[in-house]
Undergrad: 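Let me begin by handing over the structure; questions about it come next.
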Amino acid sequence: MNREDMLARLIAQAEDTGGDLVTMRAVVEEASELGAARVLTRMGLDDATAHGDLAELRELLRAWRDAKRSAWKAVIDWTVRGILALLLFAIAMRLGAGGIFR
């Protein structure tokens with residue numbers, strides 16, 4: 001018996017018995033599992049390699065985030081170095097080292 005048949009039987013049982021708590025919980029559980037299975041099938045993740053595929057995607061996402069974080073850190077480092085170099089240049093000009101640069 002597949003999940004759809006099981007769900008149909010549980011719904012029929014709930015209609016016959018007035019929907020006791022155990023039957024309603026079983027209906028919700030079967031409906032949830034059926035819905036999850038449909039979503040995985042639509043996403044193409046219903047085969048045996050799906051777990052490995054998701055692990056690989058997580059690894060790629062982690063690597064992307066690390067690369068993005070490193071790129072931002074490099075941009076900030078170079079910006080700070082540029083500002084400090086300009087500040088040092090301005091101080092040198094102010095103290096009279098302008099003759100060297102002319």
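In what follows, every heavy atom counts, from backbone to side chain, and hydrogens, waters and symmetry copies are set aside. Just so it is clear, the structure is predicted and the values come from calculations on it, not from any experiment.
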Undergrad: Considering all heavy atoms of both residues, which atom of Asp47 and which atom of Gly44 are nearest to each other, and what is their separation?
TA: OD1-O, 4.2 Å

Undergrad: CG/Leu60 to CD/Glu56 distance, rounded to the nearest 0.5 angstrom?
TA: 5.5 Å

Undergrad: Got a second to check how far Arg65's CZ is from Arg62's CZ, nearest 0.5 Å?
TA: 9.0 Å

Undergrad: With a distance cut-off below 6.0 Å to the six-membered ring centre and an angular limit of 45° from the axis, does Arg81 pair with Trp78 as a cation-pi contact?
TA: yes

Undergrad: When clusters are formed by joining ILVMFWY residues with side-chain heavy atoms under 4.5 Å apart, either directly or through shared neighbours, do Leu54 and Leu40 land in the same one?
TA: yes

Undergrad: I'd like to know if Met93 and Leu84 are part of one continuous hydrophobic network [Ile/Leu/Val/Met/Phe/Trp/Tyr, side-chain heavy atoms within less than 4.5 Å].
TA: no

Undergrad: Please report the interatomic distance NE2(His51) to OG1(Thr49), rounded to the nearest 0.5 Å.
TA: 11.5 Å

